[in-house]
Structures are given as structure tokens and as C-alpha cells.
There are 2 protein chains.
Amino acid sequence: MATHPDDPSAQIADITQILRQHDISPTKQRVEIAQMLLSRKQHLSAEQVLEEVNKRGAKVSKATIYNTLGLFARKGLIKELVVDPSKVFYDSNVSDHYHFYNVDTGELMDIEMTELNVSRLPSLPPGTRAEGVDVIIKIRNN
Amino acid sequence: MATHPDDPSAQIADITQILRQHDISPTKQRVEIAQMLLSRKQHLSAEQVLEEVNKRGAKVSKATIYNTLGLFARKGLIKELVVDPSKVFYDSNVSDHYHFYNVDTGELMDIEMTELNVSRLPSLPPGTRAEGVDVIIKIRNN
DNA sequence: CTGCTTGCAAAGGCTTTGCAGAACA
DNA sequence: TGTTCTGCAAAGCCTTTGCAAGCAG
């Protein structure tokens, strides 16, 4: 049970833990995908997730990538970010934050909540509850 | 003095005027589409625009609908609203405002700027300018 | 006339699905 | 052993495109 920080098995154990906490049974592919995604804050498309995961030696099919990303998002492990039709990104940063989206480059950047304030929220329509607030500031190169 | 796009009394002459002001040459199909769209504040998908326009007796092809909506949005006559992959709406209300999106029903509702405040906007990344701020509050039925 | 627009159908990109085999409890 | 998951390929959905005919200026 040597828990060296770099011990890959320790990381896997953590990931497994996290998945279980989110009510996701930790299969090999899911652990692989989660490990890659959660290694740092990032915004990746399904295509990019596929590339990254397979770059690490794992071989996960496209169908499983889509299924898994959808599952992770529903379970709150990651956030789904829709910036454009057919430009869906998966955000491993689940803390409350907003985004810059550069429409010229397709680049996405985080805006921390301390930097932007959404206030005077209107009351919700009756019979509904808030699911989340998406703020995307579209920018473009000069 | 041309009629404001939001004015429900906008007639064909006005529509032609408005299109010209937006640097859009007023063809029959474009006038037809603009007239329907600008008759009131609304959020419609391309499919719905097609239906509505053709319901009025005009016969506009799907390709032209897509081309025209894209053109209108680029020219600032309407706003493109992306709430979900493959859920793109075109908003005839071009004034600054935000939205509720009911993920259960697919319904979109306006939030006027007086009801919500986005403040403390962070400085933009160097070399960029703001294109617009999209705020979508996702809600769901209880 | 000359270039822009339209419409049709085909092509395209991304995502979902059906189903058989594999993995897991 | 029963259920869940995976992977492949096919299907699906929405949108764009190629190109010939039509229209505007």
C-alpha cells in the first residue's frame, strides 16, 4: 500500500472513488476518460477527448466517448458547454464560473466568479427551479 | 425615419427599408421571412421559420431559410441563440436581454436587462473586442 | 447584361442507436 | 447468471454545398 504521489494506482483509486461518489460505476474506460479529463481544468470536444484518451494508450470507441461524456455531465462530474451548434465542449472545471469564447479562434477561457457578477436575478417562472446559469462572453480579434 | 424592427406594425415597405438599412438586398423571400420574424418578439428554430413562412402562402426552400437566417444574424437583424446542440433559435428581439431556457419543455423566455445585472465585467483578453454577452439561465420543472 | 439568389438534391459533420459480444457483480 | 457496458457500423438529424435556372439592378 505504498502511496507514492506518482503512483498511478493511487490515482486510479482516487478516480474510482470520485466516480462512485457521483453514482457512476467505474469501468475501465470511464476511469481512463475521467483520469484524463480531471487531470486539469480544460475544455475539450468529444473528438478531442477521443484523441487524448487514445493517445494515452487506451482504446476507447467513439460511441463510448459520447455515452460517457453524456453520463458524466448528467451526473455533474463535468459540465457541458454549448458555444455553437456542433461546438460542444466538456469542461472539467465544475466550480461556478463563466466563459470567454473567441469566435475567431474557437478558444474558450474561464472567467472566475470573482471577476464577474450576475445580480438581481429575476424570480423563476412558477413551477421551475434553476439548473444553472451559463454566461458566455463572445469576443473576436481586433 | 424607418420603423424599428420590433414595431409590430411594420409593413412591406418598412421591411424593405429595414433590410436595406442592414445592407441586405430585399428579395421576395427575404422580405417574406423578415416580415414574419419581425412581426413580434419571438424565438423560432429554422424549421419553425420554414413552417411559418410557408403557412403564409409563400414557398421558400429550406436552403434559403438557412441562408437567410444566417445572413440576417450576421447583419444584426436578428440574434442567433444556441441553447443546445442542434437547438438553435433565432430571436427577433435584438435589444440587450437574457434568457430562461426550460430544459424540460424546450421553452425560451426573455429576461429584460432591468431584471438582471451582469457587472464587474473582466477585462477582455488583449487584442480582442466584445461581440456580445449571452446569459442563459437553465431551468427545469419541479 | 452580369452578378446575386433560389431551390433541389446530394453531401457533410456530429451524435445516437441497435445489437452482439465482453465485463462485471 | 443476470445486468450493465462496450464497440462497431448503420442510421439520424440538422445544416451546408454544388450547380443550374431565375431574378434584381
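A note on names: the letters A, B, ... follow the listed sequences, proteins ahead of strands, and every chain is numbered from 1.
In this structure, Lys28(A) reaches neither bases nor backbone, as no heavy-atom distance under 4.0 Å exists between it and the strands shown. Within 4.0 Å of Glu47(B), counting heavy atoms only, lies no atom of the nucleic acid at all. Across all strands shown, Lys87(B) has no heavy atoms under 4.0 Å from either base or sugar-phosphate atoms.
A salt bridge (Lys or Arg N to Asp or Glu O under 4.0 Å) check over residues 28-37 of chain B, counting only residues at least two apart or in different chains, returns the pairs Glu32(B)-Arg56(B). Sorted by first and then second residue, the salt bridge (Lys or Arg N to Asp or Glu O under 4.0 Å) pairs with a member in residues 78-107 of chain B read Asp104(B)-Arg140(B); sequence neighbours excluded.
Atom CD1 of Ile24(A) is separated from atom P of dC24(C) by 17 Å (rounded to the nearest Å). Rounded to an integer number of Å, the gap from Asn67(B) CG to dG7(C) P is 10 Å. For the pair Leu50(B) CG and dT6(C) C1', the computed distance is 14 Å after rounding to whole Å. Regarding Asp23(B), its CG atom lies at a distance of 10 Å from the P atom of dT5(C), rounded to whole Å. At whole-Å resolution of the value, CG in Asn54(B) and P in dG7(C) are 9 Å apart. The distance from atom CG of Leu69(A) to atom P of dT15(C) is 10 Å, rounded to the nearest whole Å. Summarising the geometry, the separation between OH on Tyr66(A) and P on dG18(C) is reported as 18 Å, rounded to the nearest angstrom. Following rounding to the nearest Å, Glu80(A) (CD) and dT15(C) (C1') show an atom-to-atom distance of 11 Å.
Between chain B and DNA chain D, the heavy-atom contact criterion of under 4.0 Å yields a 5' to 3' nucleotide range of dC14(D) to dG25(D).
In this structure, Pro85(B) and Ser61(B) both approach DNA chain C, and ranking their closest nucleotides by distance from the 5' end singles out Ser61(B). Annotation: of the two residues near DNA chain D, Arg20(B) and Ala46(B), the 5′-most nearest-nucleotide partner is Ala46(B).
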Under the side chain to side chain contact (heavy atoms under 4.5 Å, CB included) criterion, do Leu37(B) and Phe72(B) qualify, and how do the steps go?
CA-CA 11 Å; Leu37(B) 275 176; Phe72(B) 284 6; 4.2 Å; yes
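Side-chain contact between Val103(B) and Val83(B): absent, with no pair of heavy atoms (C-beta onward) separated by less than 4.5 Å. Using a 4.5 Å cut-off on side-chain heavy atoms (C-beta onward), Val118(B) and Ile137(A) make no contact.
With His22(B) contributing its side chain and Lys75(B) its backbone, the two residues share a donor-acceptor pair below 3.5 Å.
Among Met36(B), Gln35(B), Gln42(B), the one residue that satisfies the side-chain contact (heavy atoms from CB on, under 4.5 Å) test with Ser39(B) is Gln42(B).
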